[in-house]
Amino acid sequence: MVPDESSVPHMEHVASGKVRELYALDHERLLLVATDRVSTFDVVLPTEIPDKGRVLTGLSAFWFARTRAICPNHLLAVRPDGRSTECRRLQMLPIECVIRGYLSGSGWRDYRATGEVCGHRLPEGLRESERLREPIFTPATKTASGHDENITRAQAGALVGPARLAEVERLSLALYRFAADRARQCGIIIADTKFEFGQDGDGRLVLGDEALTPDSSRFWPADGYRPGHPQPSFDKQFVRDFCERTGWSKTPPGPELPEPVVAGTRARYVEAFERLTGIAFAAYLADPTVVLR
Ligand code: PZK
């Protein structure tokens, strides 16, 4: 039988992420493959969410196509399988460029402990998940343990140079504002997001990795947004609720997901795709280049 997927590349493997794989096409180009794996509480589950990788690839390509005027990016092509993208090979910067429009996760924890996030002193009395008056740039580094660690602007400046830092801060804020405004009109709050930049052979900054997906961001339903509490995840809430109900210890291995949780989660990913892009997911499956137009 002829395989119906061209998503298993016979290529030099470069790196593995929790749910993505990176291969070398040649000296200048990489193939970034988004799998259907899903992680929660930092653990990859044994059950996949069908088409999750295609939804994330399509969303990322959609944002890359619409933000090219703000910042050039590494996207060269989306493959017909809808889950693989050909990318320019870059020299990646050793920092993660996180933008927070809302106070959640480690931002909320740091604020509660110190009143600051990455050197930004914030007003007193902010509540969990509260919208910030202005989005803030809160860089992080990958630690040996694989967990990200928030760093100050001064620490980030020491890693990439102050001029580079100022440039990625400005670009990250512009990218976040553009996407968060659009998403809000579609009923989705992008609470925060992470960008990774690299430089090309001419030393120009280029946006890499994935951008503005639910795996690189916190997506919340705008409907029912209520500061003062953690917010439900737009995409993974069924998975989290199920994992909490089972009493799982949150250490590997994670639980298998029952079919209704898989189906409900897949539907949420597809809903996010369709709301944000305005494109039927079936149209994306038929021709993934629809997100680039
Ligand atoms: C690159 N990663 C992280 C992401 C993985 C690993 N355009 C690029 N050029 C050079 N290197 C990278 C990229 C990108 N993107 C990204 N590691 C290297 C990563 C996804 C899956 F396995």
Side-chain angles (χ1 to χ4, degrees), residues 11-24 30-35 37-46 53 56 60 74 87-100 103-114 116-120 136-169 171-172 176 191-200 205-218 230 233 236 239-240 243 248-255:
M11 274 168 266
E12 183 199 336
H13 185 249
V14 171
S16 286
K18 278 209 295 273
V19 303
R20 294 180 301 158
E21 302 291 341
L22 199 55
Y23 300 87
L30 297 173
L31 190 71
L32 184 50
V33 182
T35 71
R37 298 195 292 262
V38 63
S39 72
T40 190
F41 303 110
D42 253 359
V43 174
V44 177
L45 301 181
L56 269 64
S60 195
H74 71 165
C87 304
R88 293 164 67 191
R89 215 188 253 250
L90 305 170
Q91 190 114 284
M92 300 305 289
L93 301 186
I95 59 169
E96 314 210 317
C97 294
V98 178
I99 301 291
R100 300 173 188 275
L103 203 45
S104 179
S106 67
W108 168 242
R109 282 196 296 277
D110 292 354
Y111 169 74
R112 288 253 299 208
T114 67
E116 297 186 4
V117 186
C118 298
H120 297 270
I136 54 175
F137 175 70
T138 60
T141 51
K142 284 202 172 79
T143 62
S145 72
H147 286 100
D148 300 345
E149 185 175 295
N150 288 340
I151 55 177
T152 63
R153 269 183 353 297
Q155 289 171 305
L159 288 169
V160 302
R164 265 291 185 248
L165 185 70
E167 205 179 353
V168 296
E169 172 168 10
L171 293 171
S172 299
Y176 172 80
D192 51 41
T193 196
K194 179 193 79 177
F195 300 109
E196 296 197 27
F197 293 89
Q199 50 189 343
D200 66 15
L205 267 184
V206 178
L207 179 62
D209 205 66
E210 64 183 324
L212 300 157
T213 69
D215 274 9
S216 65
S217 319
R218 277 192 181 81
S233 162
K236 286 183 182 170
V239 172
R240 294 197 187 144
C243 288
W248 169 49
S249 63
K250 298 175 186 171
T251 60

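All values below come from the heavy atoms of this structure, side chains included, with hydrogens, waters and symmetry mates left out.
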Quick check: closest heavy atoms across [X] and [Y], and the distance to 0.1 Å?
| X | Y | answer |
| --- | --- | --- |
| Thr138 | Val117 | CG2-CG1, 3.7 Å |
| Arg100 | Ser106 | NH2-OG, 3.0 Å |
| Ala211 | Ser60 | N-OG, 2.9 Å |
| Ser145 | Thr143 | OG-OG1, 3.0 Å |
| Cys243 | Thr40 | SG-CG2, 3.9 Å |

Looking at [atom1] of [X] and [atom2] of [Y], how far apart are the two atoms once the value is rounded to the nearest 0.5 Å?
| X | Y | atom1 | atom2 | result |
| --- | --- | --- | --- | --- |
| His74 | Leu30 | NE2 | CG | 8.5 Å |
| Ile95 | Lys194 | CD1 | NZ | 12.0 Å |
| Leu31 | Leu22 | CG | CG | 8.0 Å |
| Glu196 | Leu90 | CD | CG | 11.0 Å |
| Ser217 | Glu210 | OG | CD | 7.5 Å |
| Asp192 | Arg218 | CG | CZ | 4.5 Å |

Decide yes or no for [X] and [Y]: does some side-chain heavy atom of the first lie under 4.5 Å from some side-chain heavy atom of the second?
| X | Y | result |
| --- | --- | --- |
| Ser39 | Lys236 | yes |
| Arg37 | Glu21 | yes |
| Ser172 | Phe197 | yes |
| Val43 | Trp248 | yes |
| Phe195 | Leu212 | yes |

Passing candidate, side chain to side chain contact (heavy atoms under 4.5 Å, CB included) with Leu93, options Val160, Leu165, Leu159: Val160

Please indicate whether Glu116 has more than 12 foreign heavy atoms, meaning atoms of other residues, nucleotides or ligands, lying under 6.0 Å from its CD. yes

Tell me whether the count of non-hydrogen atoms from other residues, nucleotides or ligands lying under 6.0 Å of NE2 in His147 goes above 12. no

Could you check Thr141 against Gln155 for side-chain contact (heavy atoms from CB on, under 4.5 Å), going step by step and ending with a plain yes or no? CA-CA 10 Å; Thr141 51; Gln155 289 171 305; over 6 Å; no

[Y] backbone acceptor or donor facing [X] side chain under 3.5 Å:
| X | Y | answer |
| --- | --- | --- |
| Thr193 | Ile99 | no |
| Asn150 | Cys118 | no |
| His120 | Phe137 | yes |

Would you mind checking if Asp42 and Lys18 are paired as a salt bridge, meaning a charged N to carboxylate O distance below 4.0 Å? yes

Any Lys/Arg nitrogen of Arg20 or Asp209 sitting under 4.0 Å from an Asp/Glu carboxylate oxygen of the other? yes

Step-by-step side-chain contact (heavy atoms from CB on, under 4.5 Å) determination, Arg164 to Glu167: CA-CA 5 Å; Arg164 265 291 185 248; Glu167 205 179 353; 2.9 Å; yes

